[in-house]
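Notes to accompany the following structure.
Since the model is a prediction, treat every value here as computed from it, not as a measurement.
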Amino acid sequence: MARITVEDCQERVNNRFLLVQMAIKRIHQYREGYEALIPSRNKEVVTALREIALGKVMPEDKSHYTPITEKND
């Protein structure tokens, strides 16, 4: 997978503050023993952001979430 950016994640979660909270919560979960939802050999923060960008981790308030849609050419 290519580099991950905050902008990639903002396509899913439209609030930067919420995005940071989600990533921090996910990092804490890793440190408590939770497994990553995607295969990754990156640092925890990168893995958390990738999970968010891929729609594997969603906010509790779904009004801030944009679902992944299939693009038909």
Side-chain angles (χ1 to χ4, degrees):
M1 183 179 219
R3 291 178 183 248
I4 188 76
T5 65
V6 173
E7 287 77 21
D8 295 329
C9 296
Q10 283 190 291
E11 291 178 12
R12 301 286 162 249
V13 179
N14 61 9
N15 181 313
R16 277 186 182 238
F17 180 72
L18 177 60
L19 180 61
V20 170
Q21 285 183 320
M22 289 172 60
I24 291 169
K25 182 177 180 180
R26 193 68 183 123
I27 291 166
H28 284 276
Q29 289 175 341
Y30 298 145
R31 292 178 182 174
E32 291 172 0
Y34 286 69
E35 294 293 322
L37 300 174
I38 59 170
S40 178
R41 294 186 341 209
N42 298 105
K43 293 185 179 182
E44 295 166 333
V45 67
V46 174
T47 303
L49 290 174
R50 285 183 184 201
E51 289 178 344
I52 294 167
L54 291 172
K56 302 286 185 180
V57 176
M58 296 184 284
E60 290 178 17
D61 182 357
K62 302 292 189 264
S63 68
H64 295 286
Y65 179 74
T66 304
I68 297 173
T69 56
E70 295 295 323
K71 294 180 183 179
N72 295 330
D73 294 272

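I4 and I24 fall into different hydrophobic clusters, where Ile, Leu, Val, Met, Phe, Trp and Tyr residues are linked whenever their side-chain heavy atoms come under 4.5 Å apart, directly or through other members.
Residues A36 and T47 share a closest heavy-atom pair of CB-CG2, 3.9 Å. Of all heavy-atom pairs spanning A23 and A48, the tightest one is O-CB, 4.0 Å.
The distance from atom CG of N14 to atom CG of L19, rounded to the nearest 0.5 Å, is 10.0 Å. For the atom pair SG of C9 and CG of L54, the computed distance is 9.0 Å after rounding to the nearest 0.5 Å. Here the NZ-CD1 distance, from K56 to I38, works out to 8.5 Å after rounding to the nearest 0.5 Å. Taken to the nearest 0.5 Å, the CD1 atom of I52 stands 11.5 Å off from the CG atom of D8.
Contacts of R12 classified as salt bridge (Lys or Arg N to Asp or Glu O under 4.0 Å), with partners at least two apart in sequence or in another chain: none. Listed by chain and number, the residues in a side chain to side chain donor-acceptor pair (under 3.5 Å) with Y34 amount to none (sequence neighbours excluded). E60 meets the salt bridge (Lys or Arg N to Asp or Glu O under 4.0 Å) test with K25; sequence neighbours excluded. With sequence neighbours excluded, the residues that form a salt bridge (Lys or Arg N to Asp or Glu O under 4.0 Å) with R31 are E44. Under the salt bridge (Lys or Arg N to Asp or Glu O under 4.0 Å) criterion, E7 pairs with R16, not counting sequence neighbours.
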Full working for side chain to side chain contact (heavy atoms under 4.5 Å, CB included) between T66 and E11: CA-CA 7 Å; T66 304; E11 291 178 12; over 6 Å; no

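Within a 6.0 Å radius of NZ in K62, more than 12 heavy atoms belonging to other residues, nucleotides or ligands are found.
In the hydrophobic clustering, F17 connects to no other residue, as no ILVMFWY side-chain heavy atoms lie under 4.5 Å from its own.
By the 4.5 Å heavy-atom criterion applied to side chains, V13 and M22 are counted as neighbours.
Side chain of E51 to backbone of L37: a donor-acceptor contact under 3.5 angstrom is found.
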